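Quick caveat, the model's predicted, so the values are computed rather than measured. Index from 1, following the sequence.
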Amino acid sequence: MRSGAKAAVIGGAFIVVAGGVGWGAYNVLDGITGGGGDGGTSNVSSKNEVKSGPLSSDEVDKTAKDFLKGWAAGSEPTDVAQLTNNPADAATALDGYRAQAHVTKAVITPGKATGATVPFTVRATVSLGGKTKPWSYSSKLTVVRGLTTGRPLVDWLPTVIHPKLTKTSHLVTSEAPTPPIKAVDRNGKELTKAKYPSLGPILDALREKYGADAGGTSGVELQIQSDGDSVPGTTLLTLSKGKAGKLRTTLDANVQGAAERAVKEFGEASVAAVRPSTGDILAVANNRTDGFNAAMLGKQAPGSTMKIITAAMLMEKGLTGPGRPSPCPPTVMYEGRTFKNDGGFSIPNGTLTQAFARSCNTSFIKWIDDVKTNGRTDEGALKKEAEEVFGLGMDNWKTGVTSFDGSVPFASGGEAAAQYIGQGTVQMNVLNMASVAATAKNGTFRQPVVVPQSLDGRDLAHASRSLPGSVAQGLRDMMNVTATSGTGAQAMASLSGYKGAKTGSAEVDGQHNPNSWFVGFQEDCAAAAVVQAGGHGADAAGPVVAKVLAAD
């Protein structure tokens, strides 16, 4: 305990008074037993003995109790940190809790231990510049045996201090670096994290980028801030409100609301919707345990939804077309790799429309040797199509927040064939694939944006050419067949008007079920969704897309 601290046990609570100011209290409640102690070597049974084997419940309880009591009491951080297996990092975080986060009081209440893991709640007070506010949250710690000493120690992770902390972030209470924003949708309706949780990372990023120019003033906030400059701060507590500046986005509150509800029906799901005629992003939603904005930043194989780009390339090369032959055998081999159709189906005397609507893998791969430039097989043709027509893979999208632009790297042999059906080294997210569907619908790529270009005059990405009219019409027709009588028909059945779709299932190593992908359009709205391990595209991702399209 620091010099000058007084301790007493009052009503079962350990109360510490340091320098005349009550800094912390530790409550001895469920699951934590044992006497006092200030850490140090009190957990070592003898001077020379090094324990091994599983931890006892007494060791877990005592170690957790000593650590939490020292933290709550505001004891010297370096002393408390000795109860962890990473004293240097733990001391820095514990010191920052007082010095940077400005936590002036803390009551930490442990819960019942489960094995070596002890949950706890924190009721704290944050004070700065005469502004004071209560702050509460829950976290947990795990006790492990020290590798060299055999001592029971807290397994140090930043999440012990707060569940949202990472190795590259820290807590700071200060005047906010940027003023708050009042983000509104395209019709002036306010967009908040409380009502639209998926927008949290996007709203934080928009505040970081545009807050200073939106006309607001900063307040005093407790934030999680990144050690670098690339990640916007996340506000955990507002001690004094600033004045929010108004920021108009391209989002549509109705479509966003539908997207939020749709992804909640499946674990690890993401969806995005765009306006084909303008590129305006109408909705972005995720339902993920890690809180990652996978809809805009994800990178994974898109499965057979990639066949939209492959079909466009084949038609531009003049090799086939909607009503023209496109053989669909059960299996096909290319450069030593065997590819098959789902369930081994085939389409005798099939056309490209039939192959597209039923998602025949072999039909697309069989054309690879016929895709030639200057008389030679062009294994880079798919990459060129993705870049030159669909605006993908050039790392130049400026949506208004950070996003991934998709990637179709050069590939040869069997890897090139895998790309034709959206496997292998192709990487996309649902915003990329919503844009692909939008380009097919519109005929010309319009770079997706979440804030209007007029806001800051930034340069938007452009594709070097549009789809030829006949090719664009052919893609739309094949997507319409898919949506009305092909693999997407059941998912799209509730939608009226002119519509189109493409299903996809992306195999993932070590995963029993493939990822479910689906893209679709209805009139001037295009959307794409992915559900991790969701199976066939129409089974999980399809209903998500349909519900989003119906809301526009």
Next item on the list: Ignoring hydrogens and angles, tell me if any N or O in the side chain of E260 forms a donor-acceptor pair with the backbone of S198 under 3.5 Å.
Entry: yes
Side-chain donor-acceptor pairs of residues 329-340 under 3.5 Å, sequence neighbours excluded:
| from | atom 1 | to | atom 2 | distance (Å) |
| --- | --- | --- | --- | --- |
| Y334 | OH | D369 | OD1 | 3.0 |
| R337 | NH1 | E415 | OE1 | 3.3 |

Margin query: Does either side chain, that of Q256 or that of D185, offer a donor lying less than 3.5 Å from an acceptor on the other one?
Written below: no
Item checked: Any donor-acceptor pair under 3.5 Å from E379 side chain to F410 backbone -> no
Next item on the list: Could you note down all residue pairs passing disulfide (SG to SG under 2.5 Å) where residues 337-449 supplies at least one of them, sequence neighbours left out?
Entry: C328-C360
Notebook entry, point to check: Can you find a heavy atom in the side chain of V401 that is under 4.5 Å from one in the side chain of N293?
Noted result: no
Checklist line | Salt bridge flag under 4.0 Å for residues D370 and K317 | finding: no
Margin query: My understanding is that only residues two or more places apart in sequence, or in another chain, count here; which of them pass side-chain contact (heavy atoms from CB on, under 4.5 Å) with S494?
Written below: none
Note to self: I'd like to check the salt bridge (charged side-chain N to carboxylate O under 4.0 Å, His left out) partners of K383; sequence neighbours left out, ordered by chain and number.
What the structure shows: E387
Notebook entry, point to check: Got a donor-acceptor contact below 3.5 angstrom from the T234 side chain to the I224 backbone?
Noted result: no
Next item on the list: Flag the pair L171 / L236 as yes when at least one side-chain heavy-atom distance between them is below 4.5 Å, and no otherwise.
Entry: yes
Next item on the list: Kindly indicate, with the supporting measurements, whether the criterion side-chain contact (heavy atoms from CB on, under 4.5 Å) is fulfilled by T353 and D477.
Entry: CA-CA 8 Å; T353 296; D477 289 345; over 6 Å; no
Check: Measuring from S174:OG to Q225:CD, what's the distance to the nearest 0.5 Å?
Finding: 5.5 Å
Check: Sub-3.5 Å donor-acceptor pair from the side chain of Q419 to the main-chain atoms of V408, do we have one?
Finding: no
Next item on the list: Starting from the C-alpha separation in whole Å, work towards a yes-or-no answer on side-chain contact (heavy atoms from CB on, under 4.5 Å) for T92 and H170.
Entry: CA-CA 10 Å; T92 298; H170 57 280; over 6 Å; no
Item checked: N480 (side chain) donor-acceptor with K499 (main chain) under 3.5 angstrom -> yes
Note to self: Under the salt bridge (Lys or Arg N to Asp or Glu O under 4.0 Å) definition, can you give me all pairs with a residue in residues 452-466, not counting sequence neighbours?
What the structure shows: E316-R465, E385-R465, E388-R465, D456-R458
Next item on the list: Just grab all the ring pair (Phe, Tyr, Trp, His ring centres under 6.0 Å) pairs involving residues 276-300, residues at least two apart or on different chains.
Entry: none
Item checked: Residue pairs passing the ring pair (Phe, Tyr, Trp, His ring centres under 6.0 Å) test where at least one lies in residues 341-384, sequence neighbours excluded -> none
Check: Should K384 and D378 count as an ion pair when the cut-off is N to O under 4.0 Å?
Finding: yes
Check: Are the side chain of S505 and the backbone N or O of P514 linked by a donor-acceptor pair below 3.5 Å?
Finding: no
Checklist line | N286/V263 under side-chain contact (heavy atoms from CB on, under 4.5 Å): CA gap, chis, key distance, verdict | finding: CA-CA 6 Å; N286 300 280; V263 294; 6.0 Å; no
Next item on the list: Provide the full list of disulfide (SG to SG under 2.5 Å) pairs with a residue in residues 464-552, sequence neighbours left out, each pair given once.
Entry: none
Item checked: Salt bridge present between D552 and R275 (N-O < 4.0 angstrom) -> yes
Notebook entry, point to check: Any donor and acceptor pair, going by atom type alone, linking the side chain of R358 with main-chain N or O of G486 inside 3.5 Å?
Noted result: no
Margin query: Enumerate the ring pair (Phe, Tyr, Trp, His ring centres under 6.0 Å) contacts for residues 436-464, please, sequence neighbours excluded, ordered by first and then second residue.
Written below: W397-F445
Next item on the list: Answer yes or no: is there a donor N or O on one side and an acceptor on the other, between the side chain of N429 and the main chain of M296, under 3.5 Å?
Entry: yes
Next item on the list: With sequence neighbours left out, write down each residue that passes salt bridge (charged side-chain N to carboxylate O under 4.0 Å, His left out) with K246, or none if nothing qualifies.
Entry: none
Next item on the list: Look at the side chain of K307 and the backbone N and O of S359, then say whether any donor-acceptor pair between them is shorter than 3.5 Å.
Entry: yes
Check: Are any non-hydrogen side-chain atoms of V519 and V436 less than 4.5 angstrom apart?
Finding: no
Check: Backbone N or O of V184 within a donor-acceptor pair of the R248 side chain at under 3.5 Å?
Finding: no
Checklist line | Check: P409 and Q427 side chains under 4.5 Å, non-hydrogen atoms | finding: no
Note to self: Show, in sequence, the C-alpha distance, side-chain angles and deciding distance for L206 and V450, and conclude whether the side-chain contact (heavy atoms from CB on, under 4.5 Å) test is met.
What the structure shows: CA-CA 9 Å; L206 290 174; V450 73; 4.2 Å; yes
Margin query: So N361 and S304, do their side chains get closer than 4.5 Å, heavy atoms only?
Written below: yes
Check: Can you list every pair that meets ring pair (Phe, Tyr, Trp, His ring centres under 6.0 Å) and has a residue in residues 507-531, with sequence neighbours left out?
Finding: Y498-F521
Notebook entry, point to check: Sequence neighbours excluded, which residues qualify as salt bridge (charged side-chain N to carboxylate O under 4.0 Å, His left out) partners of K547?
Noted result: E265
